[in-house]
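Here the structure is laid out as structure tokens; the discussion comes afterwards.
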Amino acid sequence: MLQIDLYTEISCPWCLVGQYRLDKVLRERFPTFVPDIRHHPVLLLSHVHATGLYIPDLLKTRYGVTDPKSSFTRVESEALKSGLALDLSRQLYTYPTQAAHALIMAASEKDTQHKLAVAITEAYFLDAKNIADVNVLADIAISYGFERDEAISIATDPTWHARVEHEAKNSMLQGVRSVPHFVFAEQFEINGGRSEDEIAFAIKSTLLKKPDIR
């Protein structure tokens with residue numbers, strides 16, 4: 001089994017593309033391998049209000065970007081290269097992600113962690129959902145081993161949120177500075193907006209060092 005540690009922030013479009021490409025590479029180029037994908041939270045904007053932050057305003061105040069579409073173009077173009085039709089103008093708000101990360105962490109015990117992480121990320125970007133809304137999260141989580149009340153309880157539990165904050169700090173302490181950040185078999189690391197070929201190369205390099213991985 002190939003262990004892949006994946007550090008992501010749900011509201012980061014490069015993480016959507018990275019997860020999509022990872023799944024595509026594994027499915028098309030390594031069909032016989034069983035991946036053990038473990039998700040770790042990264043909080044890029046940890047103090048966003050529950051009602052969300054308007055992304056055009058964020059881009060203008062933080063980066064001086066006055067035309068949001070110009071900053072969307074590269075990500076959308078890269079997504080399309082892998083067959084993912086992405087229109088970032090559909091989702092113009094960024095929301096706090098602690099509740100979503102909490103459910104993703106809890107899903108590790110149900111063996112649905114990666115699938116849930118992908119589902120929540122796609123709900124945010126592709127369906128323009130508010131993934132800070134616990135009812136939205138519960139609607140998604142019930143397809144991945146959660147009872148509705150259980151999902152809402154985890155998403156609203158301050159203890160779970162504290163766990164997310166703790167793990168996010170650990171991610172930073174381990175040197176994660178940009179997302180997505182991939183670690184293959186605890187030894188080969190890449191990060192950022194990597195191509196399918198680069199992801200495949202990282203996996204091949206890992207397998208060459210650990211030929212017993214199946």
For His39 and Ala117 the tightest heavy-atom approach is CE1-CB, 3.4 Å

Margin query: Between Lys204 and Asp197, does any side-chain N to carboxylate O distance fall below 4.0 Å?
Written below: no

Applying side-chain contact (heavy atoms from CB on, under 4.5 Å) to Asn170 and Leu173, what does each step give before you reach the verdict?
CA-CA 5 Å; Asn170 281 344; Leu173 290 173; 4.1 Å; yes

Contacts of Phe72 meeting ring pair (Phe, Tyr, Trp, His ring centres under 6.0 Å) (sequence neighbours excluded), chain-then-number -> none

Residues passing the ring pair (Phe, Tyr, Trp, His ring centres under 6.0 Å) test with Phe201, sequence neighbours excluded, are none

In short, salt bridge (charged side-chain N to carboxylate O under 4.0 Å, His left out) pairs touching residues 73-85 with sequence neighbours left out are Arg21-Glu78, Lys69-Glu76, Glu78-Lys81

Can you check side-chain contact (heavy atoms from CB on, under 4.5 Å) on Thr97 and Tyr124, steps first, answer last? CA-CA 11 Å; Thr97 56; Tyr124 173 70; over 6 Å; no

When every non-hydrogen atom of Thr112 is compared with those of Tyr144, the smallest separation belongs to OG1-O, 2.9 Å

Atom pairs and distances, side-chain donor-acceptor, residues 101-110, under 3.5 Å, sequence neighbours left out:
| from | atom 1 | to | atom 2 | distance (Å) |
| --- | --- | --- | --- | --- |
| His101 | NE2 | Glu9 | OE1 | 3.0 |
| Ser108 | OG | Met105 | O | 2.8 |
| Lys110 | NZ | Gly145 | O | 3.2 |
| Lys110 | NZ | Glu150 | OE2 | 3.1 |

Next item on the list: Kindly work out whether a path of hydrophobic side-chain contacts (I/L/V/M/F/W/Y, heavy atoms less than 4.5 Å apart) joins Leu6 to Val42.
Entry: no

Those residues at least two apart in sequence (or on a different chain) that pass ring pair (Phe, Tyr, Trp, His ring centres under 6.0 Å) with His40 are Tyr7

Ile37 and Gln113 have their tightest heavy-atom pair at O-OE1, 3.9 Å

Apart from Leu80 itself, members of its ILVMFWY cluster (side-chain separation under 4.5 Å) are none

Same cluster or not: are Ile120 and Val118 linked, directly or through other Ile, Leu, Val, Met, Phe, Trp or Tyr residues, by side-chain heavy atoms under 4.5 angstrom apart?
-> no

